[in-house]
Each structure stands twice: as structure tokens, then as C-alpha cells.
Amino acid sequence: MKKLFLLGLFLLTSCATVPVPREFAYKPMQTTQYLLASWQKITDSSSSIRIYLEGDGKAFDYRGLPTQNPTPKNKFLRNMAFSDPHANVVYLARPCQFVQDPHCKVEDWTVGRFSEQIVEDTALAIKQISQDREIVLIGYSGGALLSGLLITRHPELKIQKWITIAGLLNHTDWTQYWGDTPLYLSLDLQTLPSVEQQHFAGARDKVIPLELSKKWVGKNNLAILPHATHNKGFTCNF
């Protein structure tokens, strides 16, 4: 409980907005079907690697209609990754974000955002990045569900720890809660994978309701930040 309390204190301070540091190099990752954008800082070939997996981005506009480009407007997770002082840090975008990819279609960031093809191609990108090193996998929002699916379906990945921030962990529950269209082309996470993990949720999150986070994670592994929203009130210290 003391460790959880200290983590909560760390998380009360937001990451400052920062530009792309010069030690981060842009590297597009070509997979079976998709091209995934990434920014990588790799300075120690013998250490584990921390991979930040982006959320769903701008999947819908203010009218609730699908966008033509899911690239996130908010820099929350990018800033968090760029502020991470560890030796090996990667910010990994979701398929169709930040890139012009002829294979992309609207379903890839709407009803099929967690499709089998997307899970498999993201796993391939992570394997290319990690080069068989241990991984701390950090999933934000919808990236939390995708990271959970990756761990569940790819036990060969050397996951040292799984961290989620404002995480969506079951899209069926989530769409039912809001009365939204089911993500019928997507895989779902039925149980949490058996790895070391920590989940952070904001009490003021209007996207992922706290009651759903409690249902998915339980009390033991959930750090609730009383002033955090969906993309504010978290910091890089974990």
C-alpha cells in the first residue's frame, strides 16, 4: 500500500509539454500490412525497453462521425514518453496515425481498431523494436486494451511489466455503457494477462468511467488519482 501511495503522489504532477528531443529518432515500422510510426531513443543495448503505446487518437469528430485521419491531436502520451529519462524509450503510434498508408481504411480506427490484423502487426512492430529484450509496455486509453491483447496472444514477448494509463480494458463493456456502436470487428480482453502490472485511473475521467476501471482491474492493482482526467494529472514517474 505504501508503494501504491507513493506512485499516486508522483502521478499528481502532469508531464510538461516538450518538443521531440534530439535523442529520439523517427522510425517507421513496416509490418505485414500496416506502417507504424515510432520515435525511438535506444542508448543501452543491454537494458530493457519502455514502449509507450498510443490511444485511439482522433477516431471521431465532434459530431460523432468517423474522421479521415486518426492521428491524435493531444500530445499527452508523446510528451510522457519524451520526458522518460530511462535509457531505452519508444513512443509507438497505432496503425494509420501520423502516416499516409494506402492499406488504411476507416474501420481500422473505428469498429476494427482492435482487429486481429492490427494486434498481429503491432506485435510484429514491437518484436522488431525490442530485439528480444525485456519490455515495460505502457498502454494509454485504447492502447491499454491493445497492449493487453498483445501480451495475451504473444507470450513470447518478454514483458517485464505492464502499465496502463486511463486504460480501456474491455470495449464491449465500454460501448454498452455509452450506448455506442459495438466494435464488432475487434477482439476483446476477457481476463487480464498474468504479468506484473499496474493500472492508473483518473477520478475525473469522462472517457473511461472510474466504475468500469474498478470492474476491470479490482482494487489491488488500481491507483486512482483524484484530480486526473483522461489526459491530465498523470506524470512520467513509474
Contacts of Arg22 that satisfy salt bridge (charged side-chain N to carboxylate O under 4.0 Å, His left out) - sequence neighbours left out: none
Main-chain N/O of Lys58 paired to Thr67 side chain as donor or acceptor, under 3.5 Å: yes
Results of side-chain contact (heavy atoms from CB on, under 4.5 Å) for Glu116 - residues two or more places apart only: Glu120, Arg153, Leu187
Pairs involving residues 178-188, ordered by first then second residue, that meet side chain to side chain donor-acceptor pair (under 3.5 Å) (sequence neighbours left out): Thr172-Asp188
Neighbour count above 12 (heavy atom, 6.0 Å) for Gln100 CD: no
For Thr31, all residues meeting side-chain contact (heavy atoms from CB on, under 4.5 Å), sequence neighbours excluded: Tyr34, Leu36, Asp121, Leu124, Ala125
Ser141 side chain to His230 side chain, donor-acceptor N/O pair below 3.5 angstrom: yes
Qualifying residue for side chain to side chain contact (heavy atoms under 4.5 Å, CB included) with Tyr140, from Ile163, Leu146, Thr164, Asn231: Asn231
Salt bridge (charged side-chain N to carboxylate O under 4.0 Å, His left out) partners for Lys158, two or more places apart: Asp132
Chi angles and distances behind the side chain to side chain contact (heavy atoms under 4.5 Å, CB included) call for Ile165, Ile138: CA-CA 8 Å; Ile165 302 167; Ile138 303 160; 3.8 Å; yes
Distance (rounded to the nearest 0.5 Å) between Met80 CE and Lys75 NZ: 16.0 Å
Fellow cluster residues of Leu65, listed by chain then number, with links counted only when side-chain atoms sit under 4.5 Å apart: none
Ser38: side-chain contact (heavy atoms from CB on, under 4.5 Å) partners, not counting sequence neighbours: Lys27, Met29, Gln40, Val90, Leu92
Side chains of Asp44 and Ser46, donor plus acceptor under 3.5 Å: yes
Salt bridge (charged side-chain N to carboxylate O under 4.0 Å, His left out) against Glu211, all qualifying residues, sequence neighbours excluded: none
Within 6.0 Å of NZ in Lys214, more than 12 heavy atoms from elsewhere: no
With Asp56 via salt bridge (charged side-chain N to carboxylate O under 4.0 Å, His left out) - residues at least two apart: Arg94, Arg113
Shortest non-hydrogen contact from Ser47 toward Arg133: O-CD, 3.2 Å
Any residue meeting side-chain contact (heavy atoms from CB on, under 4.5 Å) with Val99, in chain and number order, not counting sequence neighbours: Tyr26, Leu35, Ala37, Asp101
Side-chain cluster (under 4.5 Å, hydrophobic types only) that Trp109 belongs to, other residues: Val106
Test of ring centre spacing under 6.0 Å for Phe200 and Phe234: no
Residue pairs involving residues 30-114 (criterion disulfide bond (SG atoms under 2.5 Å apart); sequence neighbours excluded): Cys96-Cys104
